[in-house]
Amino acid sequence: MPPLLSHSSSPLSLLRFLLPIKSPLYPPSFLKSQFCPLSPPAHLCKPSLSRHVSTSSSPPSSGSGSSVSMESSSPEPTVSLDSVTLDLKNQTLGPDDASTAKLKLEDLNWDHSFVRALPGDPRADTIPRQVMHACYTKVLPSAEVENPELVAWSDSVADLFDLDLKEFERPDFPLLFSGASPLVGALPYAQCYGGHQFGMWAGQLGDGRAITLGEVVNSKSERWELQLKGAGRTPYSRFADGLAVLRSSIREFLCSEAMHSLGIPTTRALSLVTTGKNVTRDMFYDGNAKEEPGAIVCRVAPSFLRFGSYQIHASRGKEDLEIVRALADYAIRHHFPHIENMNKSEGLSFSTGDEDHSVVDLTSNKYAAWTVEIAERTASMIASWQGVGFTHGVMNTDNMSILGLTIDYGPFGFLDAFDPSFTPNTTDLPGRRYCFANQPDIGLWNIAQFTATLSTAKLIDNKEADYAMERYGNKFMDEYQAMMTRKLGLPKYNKQLISKLLNNMAVDKVDYTNFFRLLSNVKADPNIPEDELLVPLKAVLLDIGQERKEAWISWVQTYVHELAASGISDEQRKAQMDSVNPKYVLRNYLCQTAIDAAEQGDYSEVRRLLKLMERPYDEHPGMEKYARLPPAWAYRPGVCMLSCSS
């Protein structure tokens, strides 16, 4: 088992000062306040090391930068319900696009750098076992398939690796992307990794049902890894069948693309196919197993390396520590090349702020610079989650990407009624370790485990490890504060105003997404009569008594005063706020509606949701029902709460 915290660091409750949640994630004796005070000391306010290499196609404008800007955005075309329906009926999968070099599947430029550079398992069978001294096992997809069907696909993901959109029309496409027929040039394997699950070291985990086909290098020399999730057993399947059901596959496919359109770093999804075979699942682990349709998602990312990819080898003693180094070298070479090319002239030496005035020089140790960038990318990703009310649900270290991508969509959920203690995962209910408010803390805890792994492998020292976590905290606070400032359309961050708002929202269970979308309709006019102040928010302030009404009036009055002092026009502010506050998010009940139809063979709702979620910041006249509060049936088990069974 790898050391948990081998250096003097521990998570700080990053959001506890803002979010009204009663029970702390960690006991006071476990917490230190050295990382992220609200106003960091000057010596901690460093420029970000991260120079993000593109990890997805260009996301839509979502105001995700760290600066606060009130520049208006040009309105984008909207899509009506009729036009979406017509588009689905008449959709042609392969219109020519002169801006993209089109390739057939047989012509993709496959590369297999991971397999070439790193040690592999000498065995190729799928017998469950401990795979020692290896980063992967070569294994073929083995899911049973009978008349597979293409449920949904993403044109923008196909564009990432220059795939001709007409390839989706191929009769054999479902066979190829269910793994039933081999793709020319692919070299399938399953990755070995470990991880902490719910805070406990779980040992070897690995790709138990995900099989990587290989890496495709596009015309821009960008590397994209294609992976089939639900394609059959691997040595890492333990006692499971290596399969996936349509229910969970729809959720993963849609959320991967929805998160990208929100401007949040994420793995992507190329296609979703049914296998034509049923899979037995006990959804709530209560002994009531049932047959469900099987399905396979083709996931796409520059890399699926996780924190746990490094942890497993550090846990196995000195003999495997060189594998940790080899994996780090591989990641830096292929996914962080700017770190390989750093030199002393870049001036990346920083004071740690310790009493001994020690200095961390990131140019003298590429592994330290790499660790800091991973920490900052992780912090930025989680700040983005908090902004849209996304709760991952299973933030185990094996579900943390080294690229700062949202990965492994299991029992995720977007906030409906604002509840900082919300968790979408039934398995997490006893302690709510992974609830919405705890996500920043968990991100830091996971970074601590990752840095402990690298320290064990002698890649970084304790000061460098501590510094990476310090930078995590600073990066999170910078991005969270800037993001909340943009969401409210404020000229500058106002902790007291935002804290009071979140407290009011929690008390009255206000819908998170709809509230911030409607907030842009509030006018910066201090002369608005008191009885009219709440009119723009009446659709979300439901069933509140006189006392609560007065609390909201008081808050809006303070808010309007702040807006009026900014000197920004209402129209300009509304355009800016609407560009960062989505009207549409992938609520669980919307997923469930699409799942119910798809299980009956009707895939139109899956495709309609995909189309809508591609432009979540637009109004979409005629589609307003997709922004409504969840209906009563949405609160039944299996809709608002899910388990990890998929």
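Because the structure is predicted, anything quoted here is derived from the model rather than measured.
- Nearest heavy atoms, T451 versus A465: CB-CB, 3.8 Å.
- Between N278 and E292, the side chains place no donor N or O within less than 3.5 Å of an acceptor N or O (distance only, hydrogens not considered).
- In the model, H338 has a side-chain atom that pairs as donor or acceptor with a side-chain atom of E373 under 3.5 Å.
- Atom NZ of K138 has 12 or fewer heavy atoms from other residues, nucleotides or ligands within 6.0 Å.
- A centroid separation of less than 6.0 Å is found between the aromatic rings of F198 and Y434.
- Using modelled atom types, no side-chain atom of Y367 and backbone atom of D329 make a donor-acceptor pair closer than 3.5 Å.
- Taking the six-membered ring wherever Trp is involved, the centroid distance between the rings of F390 and F414 falls below 6.0 Å.
- Listed by chain and number, the residues in a ring pair (Phe, Tyr, Trp, His ring centres under 6.0 Å) with Y310 are W370, F450 (sequence neighbours excluded).
- At distances below 3.5 Å, at least one donor-acceptor pair connects side-chain atoms of N218 with backbone N or O atoms of S221.
- For P174, the side chain to side chain contact (heavy atoms under 4.5 Å, CB included) partners at least two apart in sequence or on another chain are P148, L150, V273.
- Without hydrogens or angle criteria, W110 side chain to V184 main chain gives a donor-acceptor distance under 3.5 Å.
- Between N425 and T423, the side chains place no donor N or O within less than 3.5 Å of an acceptor N or O (distance only, hydrogens not considered).
- Between the side chain of D207 and the main chain of R209, no donor-acceptor pair closer than 3.5 Å is present.
- Under a 3.5 Å cut-off, the side chain of D428 and the backbone N or O of R433 do form a donor-acceptor pair.
- Using modelled atom types and a 3.5 Å distance limit, the side chains of Q439 and Q386 yield a donor-acceptor pair.
- Taking the ring axis of Y409 as reference, the NZ or CZ atom of R251 does not stay both within 45° of it and closer than 6.0 Å to the ring centre.
- Using a 3.5 Å distance cut-off with no hydrogens or angles, the side chains of T371 and Y467 do not pair a donor with an acceptor.
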Y136/T212 under side-chain hydrogen bond (donor to acceptor under 3.5 Å, both in side chains): CA gap, chis, key distance, verdict: CA-CA 10 Å; Y136 62 88; T212 292; over 6 Å; no
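- Residue pairs meeting the salt bridge (charged side-chain N to carboxylate O under 4.0 Å, His left out) criterion with at least one partner in residues 396-413, sequence neighbours excluded, are R299-D408, R306-D408.
- Judged purely by distance below 3.5 Å, without hydrogens or angles, the side chains of T280 and E291 pair a donor atom with an acceptor atom.
- In this structure, the side chain of R316 does not engage the main chain of A314 through any donor-acceptor pair within 3.5 Å.
- Using a 3.5 Å distance cut-off with no hydrogens or angles, the side chains of H334 and E215 do not pair a donor with an acceptor.
- A donor-acceptor pair under 3.5 Å links the side-chain atoms of S261 to the main chain of E257, judged by distance alone.
- Side-chain N/O atoms of W385 and T406 include a donor and acceptor closer than 3.5 Å.
- Side-chain N or O atoms of N446 include one that pairs as donor or acceptor with a backbone N or O of M395 at under 3.5 Å.
- No donor-acceptor pair under 3.5 Å is formed between the side chain of T391 and the backbone N or O of G393.
- Donor-acceptor pairing under 3.5 Å is recorded for the side chains of S309 and Q191.
- If you check the side chains of D320 and H133, you find a donor sitting under 3.5 Å from an acceptor.
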